[in-house]
Amino acid sequence: MANIFPYPEDAPLHMQIKSLGDDELLDFWEETQFLERFLEDDMQARNQASMQYERLILQELQLRSCRRCVSERRA
């Protein structure tokens, strides 16, 4: 499970996501997917939030992957 964020609750989501480790980030994504299925009754409002979470998480994972590739090439 993810740790408590070192940011206040009103900090932007993208800043909170950057503070997570890879495993925590994947756990967070998994939890958002579970909640989306659980809360299907209010799907239209939830779908927008879920899409934002998923987009931000995927962008962060892509950025981390690119950084790893660059550092491996330099080594």
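Both L13 and L20 are members of a single hydrophobic cluster when ILVMFWY side chains are connected at heavy-atom separations under 4.5 Å.
Atom CD of residue E24 and atom CZ of residue F28 lie 11.5 Å apart, to the nearest 0.5 angstrom. From L56, atom CG reaches atom CH2 of W29 across 14.5 Å, with rounding to the nearest 0.5 Å. Distance check: D27 CG to T32 OG1 gives 11.0 Å after rounding to the nearest 0.5 Å. Distance NZ/K18 to CZ/R64: 8.0 Å, rounded to 0.5 Å. Here the NE2-OH distance, from H14 to Y53, works out to 14.5 Å after rounding to the nearest 0.5 Å. Distance check: L58 CG to S65 OG gives 12.0 Å after rounding to the nearest 0.5 Å.
Take L61 and apply the side-chain contact (heavy atoms from CB on, under 4.5 Å) test, not counting sequence neighbours, and it matches L25, L26, I57. Partners of R67 according to the side chain to side chain donor-acceptor pair (under 3.5 Å) rule, which considers only residues two or more places apart in sequence or in another chain, do not exist here.
Checked by atom type and distance alone, the side chain of E72 never pairs as donor or acceptor with a backbone atom of C69 at under 3.5 Å.
With a 4.5 Å cut-off on side-chain heavy atoms, Q33 and E54 count as touching.
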